[in-house]
Every structure is written in C-alpha cells, then in structure tokens.
Amino acid sequence: MNFVEELRWRGMLHDIMPGTEELLNKGMASGYIGFDPTADSLHVGHLTQIMTLIHFQRAGHKPYALVGGATGMVGDPSGKSAERNLLSEDVLQHNLESVKTQLQKFLDFNTGANSAQMVNNYDWFKNFTFLDFIRDVGKHITVNYMMAKDSVKKRLEGDTGMSFTEFTYQLVQGYDFYYLWKNNNCVLQMGGSDQWGNIVTGTEFIRRKDGGEAFALTTQLIKKADGTKFGKTESGAVWLDPARTTPYQFYQFWLNTTDVDAKAYIRIFTLFERDVIEALEAEHEVAPHTRTLQKALAKDITIRVHSEADYEKAIKSSEFLFGSTGIEFLNELNDEEVLGLFGGVPNFTVSKSELADGITAADLLAGKTAVFPSKTEAKKTIQGGGVSINRNKIGTADDVYNTSHLINSKFLVAQKGKKNYFLIIAE
RNA sequence: GGGGGGAUACCAGAGCGGUCAAAUGGGACGGACUGUAAAUCCGUUGCUUCGGCUACGAAGGUUCGAAUCCUUCUCCCCCCA
C-alpha cells in the first residue's frame, strides 16, 4: 500500500513537500503527528489526524503520536484570531493522560519494527532552559521568517495582537521535529493543513542547524459542504470520550451527515477499500432515503471509537426513537430495559411525590429538569409546537403533568424538536 | 510622550435624550415539506411568580427620563514621536 496514494484517493491530502512520496516508497520511514492536550478528550476533529497515522502504519511505516505536554503550555496561534488563556499545569497533566489513553486505542503498539510509539514533548523540554533555547534554537530562525507565517501574519494584521509566547510556538514545535528527527530518525511530520507553517519551520530548522533533510505532509481541513465547521452539534463538540458524548449521540452525529458530506467522510473516516466504498455509493444513489452511506459510516466509526456492543445499543435506541415503534412498546419492557434503551439520551430525575401533585410543562422542563435553560425558552418552544412528552405535542406551557402520565409508573419521554430526546425518571 | 477613533445582545453592526429589551444581517433553535438528507418557506432568539426585573465596557453624575449628555477608570485600534 502506498501511503500518499492512499491519502490522495481518499481526498485527504492537502499539501506535500517534494520528495516525500519518493522517500516513503523506498521503505519503512518514521513520521509523527502532534496532539496538544487542550481538553481531556479528543473530538471528531482529531479523527482525521488519527486516521492519517493509521494509514501511515498500515502502509508499513512507523507512526509516532506526540502529545504536547510542552506545546500545550504555550498555545498554538494557528487558526486562532485571539490570544488564548493558558491552562494550569494540573489541568494540562490530566488532559495529557486522557488524550494518551484515547490515542492508544487506534494504533498498534506491538507489531514489530513499525510499532506505534507515544512520545511527550515535555520530556525534552522540561530541562531545556530559556537561555539554551534562544541560543540553540532561536538563533537559527530569523524573526523575519517567523513573521511571514500565516498564523503570525494574520494576528499582526488583525486587531487583537499576539503575545511573545504564542509567537514562539512555531519554534517549540519546530524543535520537536528536530528532536524526533535527531533521536528517533523521524523524517516526516504530518498534520492538518493549518499546521503547514509550523511543520515547515521544523524542516527548515533541521536544515539550518544540522543540514538535515526532513519532510512535511498535511491533510485537508474537514469542512461541511455548506462551509460550516465540522464536528459541532447543538450541544457543542462531538467528543470521543463516551462520558462527554454518549455512543448513541456519537452514532447519531454520523448518521445525520448530509449526502454530500457522507461521500467525503466515508473515504476519510473509514478504512473501507475503494471498491467497497464505490459499491456503497452506488447503492446510496439508487435509494438515497435508506441512507446507506450514513449508516455504514456511523457504524464503522462508532465501532472503532467505542465498541461493537456500544454500536448495537446505539442502533437499538435509534430504531426505537426514530422508528415506527409506538411509545407503548415501553410498557413491555422492565425498568432496566428502558434505561438501557435510553442509555445514551440525557436523563433527569424528578421527585415522584412532587409529580403526584402535578407539575406544569414549563416547570417540568425548565425547573425540575434542564431540558430547557429557562422557562421562557420552554414556553416559546412549546408555543412553536416543538416539544412533546411521550410523543404527544404539548399544547401549552401550562399543561399539567402528573403520575398518571408516567410510563411503567416511572418514566416520561420528552422531546425537544424531532431529534432531541430526554428521559425523565420519577422516583 | 502627543493626537484621533472605539467598546452595544452568540457574532457583525445600527441607534446618539423619551415611542429601545434595542433596527438589520449572519448564526443558532423550533415548525412545515422530506429520507433523522439538501433546498425552500414560516416562527423564535434577556429573565420572570407576567406585576415587573436586569441589561448597551466599569463606577459615579446631570435630568422627570440616559445605550444616547458630563466626569473618572479599564481595555482595544489608528496616526505622529
């Protein structure tokens, strides 16, 4: 398998330094991608980079996943219009551990010569003094060169300015590349297209300091066909951590992909071979309403990020919530089964005795639970016909609900819009 | 150091003494249509016990009345040195 060719047909390749492909075709090479621990979980936006590393390893090369214990302390200005707040060290440490654990799931760390390896740039930066850094690193790169970078230029032209700290980021990342090149024979750094500048600072530094040669490859920034940002939902980013985004929500996110995007995503986020993908597309073309692509996409990613069992559960929940099964179906289930079915759905608990006295819809959804952030908003949405309880549209915000509405004398199923379900448990 | 401009809701951006909870656009959310798609159209977009309450960078002041005028402060941008 030819790594670059693979990225190319999948539409993932953005930019590649001349000579990179030739080098990789010569035999096993080492390459890396860095992940800064800005949160304690990766999100779907990171998935492209993860896939790139996976392809890299599958093509017989040795992938390094770098976690940015050091770079995370500085803050990458790329793509950011304003200075960011620094994270405290203990938050960073916590994030680092979480991100490491997540990354470990995707690569093979025990496959002989091209086993994946995890490195943390804090290890080589922690004892690097400021004076040593400006003498050994800063001296080789001119400020003129650094200012010409897009990430810097934009901030200098903009009206928010940029701190020296963020300005330095590219040198810190550049040194990472040098370090891995020198000590681990790592000749290629990969990343999203916004990383091109930072990566090239690295290859430039390697050239100027040691006269060495290193390469760069970037992948397309994933965008939706309508130009909006990929990986966001109503409730924010879509995380890989099941505690932040449940497997059901994760599955739903992919299932809701538009037709146009699904064609691109199936290539980027799954490992299906070309003919398999083309067959799926053909099938989708004939009967788009069955959403073949979305289902295949959602299934594959959910299984790889979570598990087969999580996928099965997500499917069961989805089939019930969006299928033709009536709400009465719940009567046939015991409490455990109901909770399982709604496992991925946000749930709230209300006191049964309070419910016995009757609670208005507005109070129930905005006071006793957090389906809505305020009663006003709950009322407005109810007025607009956007809220249901037990699949029945709520007429007015003053409608009263009591224990007689409970399913299995325990549950209420609330819906905000068509797609957002909430389980209210009375106990 | 000197001079000038600015800070308004999620964002952009009007308003420049009352009729302003604040135009307009975007975004977001909801509805109709549909395939849990796209496009389109429609509605909502500070909180509320529906009496009001809190809001236009912060704090004071003038006024019957301030987002709008005055004072001080904070922050940002531009030009000159």
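Bear in mind the structure is a predicted one, so any value in this text is a computation, not a measurement. The sequence lines fix the lettering, A, B, ..., with proteins before strands; numbering per chain opens at 1. Quick note: numbers below take in every heavy atom, side chains included, and nothing from hydrogens, waters or symmetry partners.
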Item to check | Length of the line joining Lys316(A):NZ and rU36(B):C1', which is rounded to integer Å | outcome: 20 Å

Next on the checklist: Expressed as a whole number of angstroms, how long is the span from Leu255(A):CG to rA38(B):P?
Outcome noted: 12 Å

Next on the checklist: Measure CZ/Phe372(A) against P/rU45(B) and give the value in whole Å, please.
Outcome noted: 14 Å

Next on the checklist: Using the C1' atom as the point on both nucleotides, what is the distance between rG26(B) and rG17(B), in whole Å?
Outcome noted: 31 Å

Next on the checklist: Can you tell me how the ring of Phe35(A) sits relative to the ring of His46(A), calling it parallel under 30°, perpendicular over 60° and tilted otherwise?
Outcome noted: tilted

Checklist entry - In whole angstrom, what separates Glu285(A)'s CD from rG35(B)'s P? => result 17 Å

Next on the checklist: Between C1' on rU36(B) and CG on Leu297(A), what's the gap in Å once rounded to a whole number?
Outcome noted: 15 Å

Item to check | SB check Glu278(A) Arg274(A) (cutoff 4.0 Å) | outcome: yes

Item to check | Considering all heavy atoms, the nearest Ile266(A)-Leu293(A) contact | outcome: CD1-O, 3.8 Å

Next on the checklist: Within the 4.0 Å heavy-atom criterion, would you say Gln383(A) contacts the bases, only the backbone, or no part of the nucleic acid?
Outcome noted: nothing

Which atom pairs link the protein and nucleotides 27-33 of chain B when you take only N or O atoms and keep those under 3.5 Å?
unit_1: rG30(B); atom_1: OP1; unit_2: Asn420(A); atom_2: ND2; d: 3.2

Checklist entry - In whole Å, what separates the P atom of rU49(B) from that of rC33(B)? => result 33 Å

Next on the checklist: Rounding to an integer number of angstrom, what distance separates rA66(B) and rG2(B) when you compare their C1' atoms?
Outcome noted: 33 Å

Checklist entry - Does Arg267(A) come within less than 4.0 Å of Glu281(A), counting only side-chain N to carboxylate O? => result yes

Next on the checklist: I'd like the P distance from rU36(B) over to rC41(B), given in whole Å.
Outcome noted: 22 Å

Checklist entry - Looking only at atom P, what distance separates rU19(B) and rC69(B), rounded to whole Å? => result 16 Å

Checklist entry - Nearest to the side chain of Phe322(A) - rA38(B), rU36(B), rG35(B)? => result rU36(B)

Item to check | rA67(B) to rA55(B) separation - P atoms, rounded to the nearest Å | outcome: 10 Å

Next on the checklist: Can you tell me the base-pairing partner of rC41(B)? Count Watson-Crick or G-U wobble geometry only, both distances below 3.5 Å, and say none if there is no partner.
Outcome noted: rG31(B)

Checklist entry - Distance under 6.0 Å and angle within 45° of the ring axis: does Arg244(A) meet both against Phe250(A)? => result no

Next on the checklist: Side chains of Thr360(A) and Asp363(A): any donor to acceptor distance under 3.5 Å?
Outcome noted: yes

Checklist entry - With a 4.0 Å cut-off on heavy atoms, is Thr290(A) in touch with a base, just the backbone sugar-phosphate, or nothing at all? => result nothing

Checklist entry - Within this structure, what is the CD1-to-C1' distance between Ile315(A) and rU36(B), rounded to whole angstrom? => result 13 Å

Checklist entry - Checking all strands, does Ser374(A) fall into the base, sugar-phosphate, or nothing category for heavy-atom contacts under 4.0 angstrom? => result sugar-phosphate

Checklist entry - CG of Asp398(A) versus C1' of rC50(B): gap in Å, rounded? => result 11 Å

Checklist outcome for this item: Asp259(A) atom CG is separated from rA37(B) atom P, nearest whole Å, by 10 Å

Next on the checklist: Between Glu5(A) and Arg10(A) (salt bridge meaning N to carboxylate O under 4.0 Å), is one present in this structure?
Outcome noted: no

Next on the checklist: If the glycosidic angle sits within 90 degrees of zero it is syn, else anti. Tell me which applies to rG35(B).
Outcome noted: anti

Item to check | 5' priority, RNA chain B, between Tyr251(A) and Ala366(A) [closest heavy atom] | outcome: Tyr251(A)

Item to check | Pairwise C1' distance, rU40(B) and rG4(B) [rounded to whole Å] | outcome: 48 Å

Checklist entry - On RNA chain B, nearest-nucleotide positions of Thr376(A) versus Val260(A): which is more 5'? => result Val260(A)

Checklist entry - Hey, what's the ring geometry for Phe269(A) with Tyr265(A), parallel, tilted or perpendicular (30° and 60° as the breaks)? => result perpendicular

Checklist entry - Can you tell me how far C1' in rG18(B) sits from the matching atom in rU68(B), rounded to whole Å? => result 11 Å

Next on the checklist: For Glu97(A), I'd like to know if atom CD has over 12 heavy atoms of other residues, nucleotides or ligands within 6.0 Å.
Outcome noted: yes

Item to check | For rC10(B), the Watson-Crick or wobble partner whose two distances fall under 3.5 Å | outcome: rG26(B)

